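Comments concern the structure below.
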Amino acid sequence: MAETKYIFVTGGVVSSLGKGIISSSIGKLLQARGYNVTIQKFDPYINIDPGTLNPYEHGECYVTVDGMETDLDLGHYERFTDIKTTKANSLTTGRIYKAVIDKERRGDYLGKTIQVVPHITDEIKRNVKLLGKKYNYDFVITEIGGTIGDIESAPYMEAIRQLKWELGKKAVCVHLTYVPYLKAAGEVKTKPTQHSVKELQSVGIQPDILVLRTEMHLGDSIRKKVAAFCNVDFDCVIQSEDMPSIYEVPVGMQDQGLDTAILRKFGEPVGEKPGLGPWRKFLERRNNAKEEVHIGLVGKYDLQDAYKSIRESLYQAGTYNDRKTVLTFINSEKINNENVGEMLAGQDGIVICPGFGQRGIEGKIIAAKYTRTHDIPTFGICLGMQMMVIEFARNVLGYADANSREMDEKTPHNVIDIMEEQKNITNMGGTMRLGAYECVLKQGSRVMDIYGQTLIQERHRHRYEFNNDYQHEYERCGMQCVGKNPESDLVEIVEIPGLKWYIGTQFHPEYQSTVLHPHPLFVDFVKHSIENQEK
Ligand code: GLN
(Lines give C-alpha, C1' and ligand atoms only; values in the text may rest on other atoms or scores of the structure.)
Protein backbone atom coordinates (compact mmCIF):
# COMPACT_ATOMS: atom_id res chain seq x y z
CA MET A 1 0.00 0.00 0.00
CA ALA A 2 1.50 3.30 -1.02
CA GLU A 3 0.32 5.58 1.74
CA THR A 4 -0.38 4.95 5.40
CA LYS A 5 -4.04 4.89 6.36
CA TYR A 6 -5.34 5.88 9.79
CA ILE A 7 -8.04 4.24 11.87
CA PHE A 8 -9.31 6.03 14.97
CA VAL A 9 -11.09 4.09 17.66
CA THR A 10 -13.23 6.11 20.05
CA GLY A 11 -15.74 5.09 22.68
CA GLY A 12 -19.05 6.38 23.93
CA VAL A 13 -21.82 5.86 26.51
CA VAL A 14 -19.71 4.10 29.16
CA SER A 15 -16.10 3.16 29.72
CA SER A 16 -14.77 -0.42 29.86
CA LEU A 17 -16.44 -1.46 26.61
CA GLY A 18 -13.25 -3.08 25.42
CA LYS A 19 -11.87 -0.54 22.96
CA GLY A 20 -8.46 -2.13 23.43
CA ILE A 21 -9.80 -5.54 22.42
CA ILE A 22 -11.61 -4.10 19.41
CA SER A 23 -8.49 -2.17 18.35
CA SER A 24 -6.39 -5.33 18.76
CA SER A 25 -8.94 -7.33 16.77
CA ILE A 26 -8.91 -4.81 13.93
CA GLY A 27 -5.11 -5.05 13.96
CA LYS A 28 -5.25 -8.83 13.91
CA LEU A 29 -7.78 -8.99 11.06
CA LEU A 30 -5.90 -6.53 8.87
CA GLN A 31 -2.64 -8.32 9.57
CA ALA A 32 -4.26 -11.58 8.50
CA ARG A 33 -4.88 -9.91 5.13
CA GLY A 34 -1.19 -9.23 4.76
CA TYR A 35 -1.13 -5.61 5.87
CA ASN A 36 1.59 -4.13 8.01
CA VAL A 37 -0.16 -2.70 11.05
CA THR A 38 0.56 -0.94 14.32
CA ILE A 39 -1.67 0.20 17.18
CA GLN A 40 -1.17 3.16 19.48
CA LYS A 41 -3.02 4.46 22.50
CA PHE A 42 -3.61 8.00 23.70
CA ASP A 43 -4.57 8.31 27.35
CA PRO A 44 -6.16 11.59 28.33
CA TYR A 45 -4.65 11.90 31.81
CA ILE A 46 -1.90 14.27 32.89
CA ASN A 47 0.61 11.68 34.14
CA ILE A 48 3.54 11.33 31.74
CA ASP A 49 3.02 7.57 31.88
CA PRO A 50 1.12 5.17 34.15
CA GLY A 51 4.37 4.12 35.88
CA THR A 52 3.61 6.16 38.97
CA LEU A 53 -0.04 5.04 39.19
CA ASN A 54 -1.28 2.55 41.71
CA PRO A 55 -2.67 -0.60 40.02
CA TYR A 56 -5.99 0.15 41.72
CA GLU A 57 -6.14 3.32 39.63
CA HIS A 58 -5.09 1.91 36.34
CA GLY A 59 -4.49 -1.84 36.43
CA GLU A 60 -1.19 -3.29 35.39
CA CYS A 61 1.61 -1.22 33.98
CA TYR A 62 2.76 -2.80 30.73
CA VAL A 63 6.40 -2.33 29.68
CA THR A 64 7.55 -2.09 26.06
CA VAL A 65 10.89 -3.40 24.76
CA ASP A 66 12.31 0.11 24.69
CA GLY A 67 11.40 0.66 28.32
CA MET A 68 8.20 2.72 28.25
CA GLU A 69 5.74 2.11 31.08
CA THR A 70 2.38 2.01 29.37
CA ASP A 71 -1.31 1.26 29.56
CA LEU A 72 -2.32 -2.40 29.78
CA ASP A 73 -4.08 -2.14 26.42
CA LEU A 74 -0.64 -2.28 24.81
CA GLY A 75 -0.40 -5.77 26.26
CA HIS A 76 -3.54 -6.71 24.34
CA TYR A 77 -2.09 -5.23 21.15
CA GLU A 78 1.02 -7.38 21.49
CA ARG A 79 -0.78 -10.54 22.60
CA PHE A 80 -3.18 -10.35 19.65
CA THR A 81 -0.84 -9.24 16.89
CA ASP A 82 2.69 -10.17 17.99
CA ILE A 83 3.85 -6.67 17.04
CA LYS A 84 6.41 -5.06 19.33
CA THR A 85 5.14 -1.74 20.60
CA THR A 86 7.45 1.11 21.59
CA LYS A 87 7.35 4.55 23.21
CA ALA A 88 5.65 5.93 20.14
CA ASN A 89 2.69 3.59 20.69
CA SER A 90 1.77 5.08 24.04
CA LEU A 91 1.01 8.75 24.61
CA THR A 92 -0.67 10.64 27.41
CA THR A 93 -1.94 14.20 27.70
CA GLY A 94 0.97 14.76 30.10
CA ARG A 95 3.50 13.76 27.45
CA ILE A 96 1.82 15.87 24.79
CA TYR A 97 1.80 18.95 27.04
CA LYS A 98 5.36 18.32 28.18
CA ALA A 99 6.59 18.17 24.58
CA VAL A 100 4.80 21.43 23.78
CA ILE A 101 6.04 23.17 26.94
CA ASP A 102 9.62 22.00 26.30
CA LYS A 103 9.42 23.41 22.78
CA GLU A 104 8.04 26.65 24.13
CA ARG A 105 10.97 26.95 26.58
CA ARG A 106 13.43 26.20 23.79
CA GLY A 107 11.96 29.04 21.84
CA ASP A 108 10.53 26.96 19.02
CA TYR A 109 7.36 29.03 18.96
CA LEU A 110 9.07 32.35 19.70
CA GLY A 111 6.62 35.23 19.75
CA LYS A 112 3.50 33.08 19.81
CA THR A 113 0.84 32.44 22.43
CA ILE A 114 0.72 28.69 23.07
CA GLN A 115 -2.81 27.32 23.03
CA VAL A 116 -4.69 24.03 23.06
CA VAL A 117 -5.66 24.71 19.46
CA PRO A 118 -3.44 24.62 17.44
CA HIS A 119 -0.37 23.72 19.52
CA ILE A 120 -1.65 20.81 21.58
CA THR A 121 -3.78 19.46 18.74
CA ASP A 122 -0.82 19.77 16.34
CA GLU A 123 1.36 17.80 18.74
CA ILE A 124 -1.33 15.08 18.92
CA LYS A 125 -1.54 15.02 15.13
CA ARG A 126 2.23 14.83 14.81
CA ASN A 127 2.30 11.82 17.11
CA VAL A 128 -0.48 10.07 15.22
CA LYS A 129 1.40 10.46 11.95
CA LEU A 130 4.86 9.78 13.36
CA LEU A 131 4.53 5.99 13.33
CA GLY A 132 3.14 5.83 9.82
CA LYS A 133 5.88 8.08 8.50
CA LYS A 134 8.74 6.41 10.32
CA TYR A 135 7.94 2.78 9.60
CA ASN A 136 5.72 3.04 6.57
CA TYR A 137 2.84 1.07 8.07
CA ASP A 138 -0.17 0.32 5.92
CA PHE A 139 -2.47 1.05 8.83
CA VAL A 140 -1.97 2.95 12.06
CA ILE A 141 -4.77 2.25 14.52
CA THR A 142 -5.12 4.95 17.15
CA GLU A 143 -7.20 4.21 20.21
CA ILE A 144 -8.34 7.19 22.27
CA GLY A 145 -8.80 6.42 25.97
CA GLY A 146 -11.85 7.67 27.85
CA THR A 147 -15.33 8.35 26.59
CA ILE A 148 -16.63 10.98 24.18
CA GLY A 149 -17.87 13.96 26.13
CA ASP A 150 -15.10 13.81 28.74
CA ILE A 151 -13.50 17.21 29.19
CA GLU A 152 -10.08 15.57 28.95
CA SER A 153 -10.62 14.05 25.54
CA ALA A 154 -11.71 17.27 23.79
CA PRO A 155 -8.27 18.09 22.25
CA TYR A 156 -8.02 14.54 20.88
CA MET A 157 -11.43 14.83 19.25
CA GLU A 158 -10.41 18.12 17.66
CA ALA A 159 -7.19 16.51 16.39
CA ILE A 160 -9.17 13.61 14.89
CA ARG A 161 -11.62 16.03 13.28
CA GLN A 162 -8.75 17.90 11.64
CA LEU A 163 -6.97 14.71 10.59
CA LYS A 164 -10.15 13.32 9.05
CA TRP A 165 -10.55 16.52 7.11
CA GLU A 166 -6.93 16.58 5.96
CA LEU A 167 -6.59 12.88 5.22
CA GLY A 168 -9.98 12.42 3.55
CA LYS A 169 -10.26 8.84 2.34
CA LYS A 170 -7.17 7.86 4.31
CA ALA A 171 -8.87 8.16 7.72
CA VAL A 172 -11.71 6.16 9.21
CA CYS A 173 -13.36 6.56 12.60
CA VAL A 174 -14.65 3.49 14.42
CA HIS A 175 -16.89 4.41 17.34
CA LEU A 176 -17.67 1.87 20.03
CA THR A 177 -20.89 2.26 21.98
CA TYR A 178 -23.15 0.29 24.27
CA VAL A 179 -26.66 -0.98 23.60
CA PRO A 180 -28.22 -1.86 26.95
CA TYR A 181 -30.95 -4.43 27.42
CA LEU A 182 -33.75 -3.31 29.72
CA LYS A 183 -35.11 -6.39 31.38
CA ALA A 184 -38.32 -4.76 32.60
CA ALA A 185 -39.15 -3.53 29.10
CA GLY A 186 -37.74 -6.66 27.44
CA GLU A 187 -36.01 -4.43 24.88
CA VAL A 188 -32.59 -3.29 23.79
CA LYS A 189 -32.18 0.47 23.72
CA THR A 190 -30.35 2.41 21.03
CA LYS A 191 -30.89 5.88 22.45
CA PRO A 192 -27.54 6.05 24.31
CA THR A 193 -25.81 5.18 21.01
CA GLN A 194 -27.71 7.87 19.16
CA HIS A 195 -26.75 10.42 21.81
CA SER A 196 -23.15 9.33 21.77
CA VAL A 197 -22.95 9.71 17.98
CA LYS A 198 -24.63 13.13 18.23
CA GLU A 199 -21.95 14.12 20.69
CA LEU A 200 -19.26 13.07 18.22
CA GLN A 201 -21.03 14.92 15.43
CA SER A 202 -21.24 18.02 17.59
CA VAL A 203 -17.43 18.14 17.63
CA GLY A 204 -17.38 17.67 13.89
CA ILE A 205 -16.68 13.96 13.65
CA GLN A 206 -18.92 11.66 11.67
CA PRO A 207 -18.14 8.07 12.67
CA ASP A 208 -17.73 5.75 9.68
CA ILE A 209 -18.26 2.54 11.56
CA LEU A 210 -20.17 1.77 14.75
CA VAL A 211 -19.41 -1.21 16.92
CA LEU A 212 -22.31 -1.85 19.27
CA ARG A 213 -21.42 -3.70 22.43
CA THR A 214 -24.35 -5.77 23.50
CA GLU A 215 -25.29 -8.64 25.77
CA MET A 216 -28.22 -9.57 23.50
CA HIS A 217 -28.12 -10.44 19.81
CA LEU A 218 -29.32 -7.42 17.82
CA GLY A 219 -31.67 -8.03 14.92
CA ASP A 220 -31.33 -6.25 11.58
CA SER A 221 -34.13 -3.85 12.46
CA ILE A 222 -32.11 -2.49 15.38
CA ARG A 223 -28.99 -2.14 13.25
CA LYS A 224 -31.04 -0.42 10.52
CA LYS A 225 -32.45 1.98 13.06
CA VAL A 226 -28.98 2.87 14.35
CA ALA A 227 -27.69 3.27 10.78
CA ALA A 228 -30.55 5.62 9.89
CA PHE A 229 -30.26 7.75 13.01
CA CYS A 230 -26.48 7.99 12.95
CA ASN A 231 -25.72 8.51 9.23
CA VAL A 232 -23.77 5.27 9.09
CA ASP A 233 -24.09 2.61 6.36
CA PHE A 234 -26.07 -0.41 7.43
CA ASP A 235 -23.14 -2.76 6.76
CA CYS A 236 -20.97 -0.52 8.92
CA VAL A 237 -23.11 -1.10 12.01
CA ILE A 238 -21.36 -4.04 13.60
CA GLN A 239 -22.47 -5.79 16.73
CA SER A 240 -20.06 -7.10 19.30
CA GLU A 241 -21.83 -9.55 21.57
CA ASP A 242 -20.32 -10.73 24.84
CA MET A 243 -17.91 -13.58 24.21
CA PRO A 244 -16.70 -16.29 26.57
CA SER A 245 -13.14 -15.07 26.01
CA ILE A 246 -11.51 -11.94 24.61
CA TYR A 247 -9.66 -14.18 22.15
CA GLU A 248 -12.97 -15.03 20.43
CA VAL A 249 -13.47 -11.37 19.53
CA PRO A 250 -11.35 -11.22 16.32
CA VAL A 251 -13.26 -14.18 14.89
CA GLY A 252 -16.58 -12.65 15.96
CA MET A 253 -15.61 -9.35 14.37
CA GLN A 254 -14.56 -11.09 11.18
CA ASP A 255 -17.93 -12.88 11.04
CA GLN A 256 -19.66 -9.52 11.52
CA GLY A 257 -17.57 -7.99 8.72
CA LEU A 258 -15.71 -5.34 10.71
CA ASP A 259 -12.53 -5.67 8.64
CA THR A 260 -14.35 -5.64 5.31
CA ALA A 261 -16.37 -2.59 6.36
CA ILE A 262 -13.10 -0.80 7.20
CA LEU A 263 -11.51 -1.77 3.88
CA ARG A 264 -14.56 -0.65 1.93
CA LYS A 265 -14.49 2.70 3.70
CA PHE A 266 -10.86 3.12 2.66
CA GLY A 267 -11.66 2.06 -0.89
CA GLU A 268 -9.26 -0.87 -0.54
CA PRO A 269 -9.96 -4.17 -2.32
CA VAL A 270 -11.67 -6.58 0.06
CA GLY A 271 -10.43 -9.85 -1.44
CA GLU A 272 -10.75 -13.28 0.15
CA LYS A 273 -11.66 -13.81 3.76
CA PRO A 274 -8.50 -14.95 5.58
CA GLY A 275 -8.79 -18.28 7.38
CA LEU A 276 -7.18 -17.18 10.68
CA GLY A 277 -5.91 -20.77 10.86
CA PRO A 278 -3.45 -20.69 13.77
CA TRP A 279 -5.74 -18.39 15.75
CA ARG A 280 -8.73 -20.69 15.28
CA LYS A 281 -6.57 -23.66 16.21
CA PHE A 282 -5.69 -21.90 19.46
CA LEU A 283 -9.37 -21.24 20.17
CA GLU A 284 -10.28 -24.81 19.38
CA ARG A 285 -7.60 -26.12 21.70
CA ARG A 286 -8.72 -23.67 24.34
CA ASN A 287 -12.35 -24.71 24.07
CA ASN A 288 -11.53 -28.42 24.02
CA ALA A 289 -9.48 -28.25 27.19
CA LYS A 290 -11.85 -29.48 29.85
CA GLU A 291 -9.58 -30.66 32.62
CA GLU A 292 -8.33 -27.97 34.94
CA VAL A 293 -5.02 -26.82 36.30
CA HIS A 294 -5.23 -24.69 39.43
CA ILE A 295 -2.77 -21.85 39.87
CA GLY A 296 -2.71 -19.57 42.89
CA LEU A 297 -1.57 -15.98 42.46
CA VAL A 298 -0.01 -14.77 45.68
CA GLY A 299 -0.17 -10.99 45.53
CA LYS A 300 -1.59 -7.93 47.20
CA TYR A 301 -3.89 -6.47 44.56
CA ASP A 302 -7.29 -8.11 44.59
CA LEU A 303 -8.07 -6.82 41.14
CA GLN A 304 -8.03 -8.77 37.88
CA ASP A 305 -6.35 -6.00 35.90
CA ALA A 306 -3.43 -5.64 38.33
CA TYR A 307 -1.77 -8.83 37.08
CA LYS A 308 -3.30 -8.79 33.61
CA SER A 309 -0.33 -10.05 31.59
CA ILE A 310 0.50 -12.76 34.13
CA ARG A 311 -3.10 -13.97 34.02
CA GLU A 312 -3.19 -14.02 30.24
CA SER A 313 0.18 -15.79 30.07
CA LEU A 314 -1.15 -18.50 32.41
CA TYR A 315 -4.36 -18.89 30.40
CA GLN A 316 -2.33 -19.24 27.21
CA ALA A 317 0.04 -21.71 28.86
CA GLY A 318 -2.97 -23.73 30.04
CA THR A 319 -4.27 -23.97 26.49
CA TYR A 320 -0.91 -25.12 25.17
CA ASN A 321 -1.00 -27.85 27.84
CA ASP A 322 -4.61 -28.71 26.87
CA ARG A 323 -5.87 -27.59 30.23
CA LYS A 324 -8.22 -24.94 31.45
CA THR A 325 -6.32 -22.64 33.77
CA VAL A 326 -8.25 -21.77 36.90
CA LEU A 327 -6.68 -18.82 38.69
CA THR A 328 -7.24 -18.02 42.34
CA PHE A 329 -6.07 -14.79 43.87
CA ILE A 330 -4.50 -15.36 47.28
CA ASN A 331 -4.06 -12.21 49.31
CA SER A 332 -0.53 -12.27 50.70
CA GLU A 333 -1.50 -9.85 53.47
CA LYS A 334 -3.67 -12.58 54.94
CA ILE A 335 -1.07 -15.35 54.81
CA ASN A 336 0.64 -16.29 58.08
CA ASN A 337 2.62 -19.27 59.36
CA GLU A 338 -0.49 -20.90 60.79
CA ASN A 339 -2.82 -20.64 57.82
CA VAL A 340 -0.41 -20.90 54.88
CA GLY A 341 -1.18 -24.58 54.17
CA GLU A 342 -4.87 -23.85 54.17
CA MET A 343 -4.52 -20.69 52.06
CA LEU A 344 -2.52 -22.50 49.37
CA ALA A 345 -4.51 -25.73 49.51
CA GLY A 346 -5.83 -27.09 46.24
CA GLN A 347 -3.35 -25.21 44.06
CA ASP A 348 -1.21 -27.19 41.64
CA GLY A 349 1.27 -24.34 41.24
CA ILE A 350 1.90 -20.96 42.83
CA VAL A 351 2.95 -17.66 41.26
CA ILE A 352 4.47 -15.12 43.60
CA CYS A 353 3.56 -11.82 42.04
CA PRO A 354 5.52 -8.61 41.42
CA GLY A 355 5.00 -5.52 43.52
CA PHE A 356 6.45 -2.56 45.36
CA GLY A 357 6.72 -1.72 49.03
CA GLN A 358 6.19 -3.47 52.35
CA ARG A 359 2.54 -4.39 52.21
CA GLY A 360 2.00 -8.13 51.93
CA ILE A 361 5.65 -9.13 51.59
CA GLU A 362 5.83 -11.30 54.72
CA GLY A 363 2.96 -13.38 53.34
CA LYS A 364 4.86 -13.83 50.09
CA ILE A 365 7.92 -14.98 52.02
CA ILE A 366 5.85 -17.45 54.05
CA ALA A 367 4.26 -18.76 50.84
CA ALA A 368 7.71 -19.17 49.23
CA LYS A 369 8.88 -21.16 52.24
CA TYR A 370 5.82 -23.38 52.20
CA THR A 371 6.05 -24.18 48.49
CA ARG A 372 9.81 -24.77 48.72
CA THR A 373 9.52 -27.11 51.67
CA HIS A 374 6.44 -28.88 50.26
CA ASP A 375 7.86 -29.00 46.74
CA ILE A 376 4.97 -27.24 45.01
CA PRO A 377 5.85 -25.73 41.60
CA THR A 378 6.53 -22.05 42.20
CA PHE A 379 7.18 -19.15 39.86
CA GLY A 380 8.44 -15.92 41.42
CA ILE A 381 8.26 -12.85 39.23
CA CYS A 382 10.30 -9.73 40.01
CA LEU A 383 9.38 -8.94 43.63
CA GLY A 384 8.24 -12.57 43.77
CA MET A 385 11.77 -13.70 42.88
CA GLN A 386 13.20 -11.32 45.46
CA MET A 387 10.94 -12.83 48.13
CA MET A 388 12.14 -16.34 47.19
CA VAL A 389 15.69 -15.11 47.66
CA ILE A 390 14.95 -13.52 51.05
CA GLU A 391 13.11 -16.62 52.24
CA PHE A 392 16.08 -18.79 51.30
CA ALA A 393 18.47 -16.49 53.19
CA ARG A 394 16.29 -16.49 56.30
CA ASN A 395 15.53 -20.19 56.46
CA VAL A 396 18.41 -21.92 54.70
CA LEU A 397 21.42 -19.61 54.97
CA GLY A 398 20.40 -18.79 58.54
CA TYR A 399 20.13 -15.00 58.30
CA ALA A 400 16.89 -14.41 60.15
CA ASP A 401 17.12 -10.69 59.50
CA ALA A 402 17.75 -10.95 55.74
CA ASN A 403 15.72 -8.48 53.70
CA SER A 404 15.61 -6.18 50.71
CA ARG A 405 16.89 -2.64 51.12
CA GLU A 406 13.55 -1.58 49.73
CA MET A 407 11.84 -2.91 52.86
CA ASP A 408 14.51 -2.35 55.49
CA GLU A 409 17.24 0.16 54.73
CA LYS A 410 19.40 -0.97 57.63
CA THR A 411 19.20 -4.72 57.17
CA PRO A 412 22.59 -6.30 57.92
CA HIS A 413 21.86 -9.02 55.37
CA ASN A 414 20.79 -7.09 52.32
CA VAL A 415 20.45 -10.08 49.99
CA ILE A 416 18.37 -7.82 47.75
CA ASP A 417 19.99 -4.43 47.35
CA ILE A 418 19.43 -1.26 45.41
CA MET A 419 21.15 -1.26 42.02
CA GLU A 420 24.24 0.94 41.86
CA GLU A 421 22.81 3.23 39.17
CA GLN A 422 19.59 3.67 41.15
CA LYS A 423 21.27 5.05 44.28
CA ASN A 424 21.18 8.72 43.43
CA ILE A 425 17.87 8.80 41.65
CA THR A 426 15.36 11.13 43.24
CA ASN A 427 12.84 11.34 40.41
CA MET A 428 10.35 8.47 40.60
CA GLY A 429 8.88 8.56 37.09
CA GLY A 430 10.41 6.40 34.34
CA THR A 431 13.70 5.91 36.17
CA MET A 432 13.63 2.21 37.05
CA ARG A 433 15.59 -0.40 35.12
CA LEU A 434 13.07 -0.63 32.33
CA GLY A 435 12.66 -2.52 29.08
CA ALA A 436 14.50 -5.36 27.41
CA TYR A 437 17.92 -6.51 28.58
CA GLU A 438 19.99 -9.48 27.60
CA CYS A 439 20.45 -12.46 29.83
CA VAL A 440 22.87 -15.36 29.45
CA LEU A 441 21.61 -18.69 30.71
CA LYS A 442 23.82 -21.16 32.52
CA GLN A 443 24.72 -24.35 30.66
CA GLY A 444 22.93 -27.34 32.10
CA SER A 445 20.34 -25.28 33.97
CA ARG A 446 16.64 -26.02 33.72
CA VAL A 447 15.93 -22.57 32.30
CA MET A 448 18.36 -23.21 29.48
CA ASP A 449 16.49 -26.36 28.72
CA ILE A 450 13.18 -24.52 28.77
CA TYR A 451 14.30 -21.70 26.50
CA GLY A 452 16.34 -23.98 24.26
CA GLN A 453 19.02 -21.29 23.86
CA THR A 454 21.61 -19.50 25.96
CA LEU A 455 21.05 -15.85 25.08
CA ILE A 456 17.62 -14.38 25.77
CA GLN A 457 16.09 -10.93 26.10
CA GLU A 458 13.42 -10.09 28.63
CA ARG A 459 11.73 -6.94 29.87
CA HIS A 460 12.35 -5.39 33.25
CA ARG A 461 10.78 -2.98 35.71
CA HIS A 462 12.65 -2.76 39.02
CA ARG A 463 15.14 -0.82 41.15
CA TYR A 464 16.48 -3.57 43.38
CA GLU A 465 18.63 -6.57 42.55
CA PHE A 466 20.11 -9.79 43.89
CA ASN A 467 23.23 -8.94 45.91
CA ASN A 468 26.10 -10.77 44.22
CA ASP A 469 28.15 -10.83 47.45
CA TYR A 470 25.95 -13.72 48.51
CA GLN A 471 26.01 -15.69 45.26
CA HIS A 472 28.47 -18.38 46.38
CA GLU A 473 26.66 -18.96 49.63
CA TYR A 474 23.35 -19.37 47.81
CA GLU A 475 24.82 -21.73 45.27
CA ARG A 476 26.57 -23.81 47.89
CA CYS A 477 23.25 -24.23 49.69
CA GLY A 478 21.22 -25.13 46.61
CA MET A 479 19.77 -21.99 45.05
CA GLN A 480 21.51 -21.39 41.72
CA CYS A 481 21.94 -18.14 39.84
CA VAL A 482 21.24 -19.43 36.35
CA GLY A 483 20.71 -16.27 34.33
CA LYS A 484 22.88 -13.16 34.33
CA ASN A 485 23.10 -9.96 32.40
CA PRO A 486 26.34 -10.22 30.41
CA GLU A 487 27.28 -6.55 30.92
CA SER A 488 26.27 -5.73 34.46
CA ASP A 489 26.49 -9.24 35.91
CA LEU A 490 23.06 -8.70 37.51
CA VAL A 491 21.35 -11.93 38.49
CA GLU A 492 18.23 -12.34 36.37
CA ILE A 493 17.11 -15.88 37.29
CA VAL A 494 17.41 -18.16 40.31
CA GLU A 495 16.35 -21.79 40.50
CA ILE A 496 16.49 -24.67 42.92
CA PRO A 497 17.33 -27.65 40.69
CA GLY A 498 16.29 -30.43 43.08
CA LEU A 499 12.68 -29.29 43.29
CA LYS A 500 9.86 -29.93 40.81
CA TRP A 501 9.84 -26.33 39.60
CA TYR A 502 11.13 -23.49 41.70
CA ILE A 503 12.23 -20.57 39.54
CA GLY A 504 12.35 -16.85 40.14
CA THR A 505 12.95 -14.23 37.46
CA GLN A 506 14.01 -10.66 38.09
CA PHE A 507 12.41 -9.78 34.74
CA HIS A 508 8.76 -9.96 33.68
CA PRO A 509 8.35 -12.80 31.17
CA GLU A 510 4.60 -12.12 31.04
CA TYR A 511 5.12 -9.09 28.79
CA GLN A 512 6.36 -11.33 25.99
CA SER A 513 3.76 -14.09 26.04
CA THR A 514 1.34 -13.89 23.11
CA VAL A 515 -1.53 -16.04 21.89
CA LEU A 516 0.46 -17.58 19.06
CA HIS A 517 3.81 -17.48 20.88
CA PRO A 518 3.19 -18.43 24.50
CA HIS A 519 6.14 -17.86 26.80
CA PRO A 520 8.18 -21.06 27.36
CA LEU A 521 8.59 -20.40 31.10
CA PHE A 522 4.83 -20.18 31.63
CA VAL A 523 4.16 -23.21 29.43
CA ASP A 524 6.74 -25.26 31.34
CA PHE A 525 5.55 -24.01 34.73
CA VAL A 526 1.96 -25.01 33.95
CA LYS A 527 3.16 -28.36 32.59
CA HIS A 528 4.90 -29.11 35.89
CA SER A 529 1.93 -27.85 37.88
CA ILE A 530 -0.19 -30.41 36.03
CA GLU A 531 2.32 -33.15 36.78
CA ASN A 532 2.30 -32.11 40.41
CA GLN A 533 -1.47 -32.55 40.45
CA GLU A 534 -1.26 -36.02 38.95
CA LYS A 535 1.12 -37.33 41.59
N1 GLN B 1 9.98 -3.55 44.14
C2 GLN B 1 10.93 -4.37 43.49
C3 GLN B 1 12.03 -3.53 42.85
O4 GLN B 1 11.88 -2.39 42.61
C5 GLN B 1 10.29 -5.29 42.48
C6 GLN B 1 9.61 -4.59 41.36
C7 GLN B 1 8.60 -5.43 40.62
O8 GLN B 1 8.11 -6.44 41.13
N9 GLN B 1 8.25 -5.02 39.42
O10 GLN B 1 13.08 -4.05 42.55
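We count residues from 1, following the sequence as given. First listed ligand is number 1; within each ligand, the first listed atom is number 1. Everything quoted here is computed from the prediction, not taken from an experiment.
Residue Tyr320 forms a ring pair (Phe, Tyr, Trp, His ring centres under 6.0 Å) with just one option from Phe525, Phe282, Phe522, and that option is Phe282.
Here Arg463 does not pair with Glu406 in a salt bridge; the nearest charged N to carboxylate O distance is not below 4.0 Å. In this structure, Glu465 does not pair ionically with Arg433, as no charged nitrogen and carboxylate oxygen lie closer than 4.0 Å.
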Practice task
Check the pair Leu441 / Val482 against side chain to side chain contact (heavy atoms under 4.5 Å, CB included), numbers first and verdict last.
Solution key: CA-CA 6 Å; Leu441 305 179; Val482 288; over 6 Å; no

Discussion item. Please evaluate residues Arg311 and Asp305 with respect to the criterion salt bridge (charged side-chain N to carboxylate O under 4.0 Å, His left out), reporting the C-alpha separation (whole Å), side-chain torsions for both, the decisive distance (0.1 Å), and the verdict.
Written reply: CA-CA 9 Å; Arg311 284 176 172 270; Asp305 276 356; over 6 Å; no

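Closest non-hydrogen pair, Val9 versus Ile141, comes out as CG2-CG2, 3.9 Å.
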Present, as a list of atom pairs with distances to 0.1 Å, all nitrogen or oxygen contacts under 3.5 Å between ligand 1 and the protein.
unit_1   : atom_1 : unit_2 : atom_2 : d
ligand 1 : 1 (N)  : Gly355 : O      : 3.0
ligand 1 : 1 (N)  : Glu406 : OE1    : 2.7
ligand 1 : 1 (N)  : Glu406 : OE2    : 3.1
ligand 1 : 4 (O)  : Arg463 : N      : 3.0
ligand 1 : 8 (O)  : Gly355 : N      : 3.0
ligand 1 : 8 (O)  : Gly355 : O      : 3.3
ligand 1 : 8 (O)  : Leu383 : N      : 3.0
ligand 1 : 9 (N)  : Arg461 : O      : 2.9
ligand 1 : 9 (N)  : His508 : NE2    : 3.2
ligand 1 : 10 (O) : Gln386 : NE2    : 3.1
ligand 1 : 10 (O) : Arg463 : N      : 3.2
ligand 1 : 10 (O) : Tyr464 : N      : 2.9

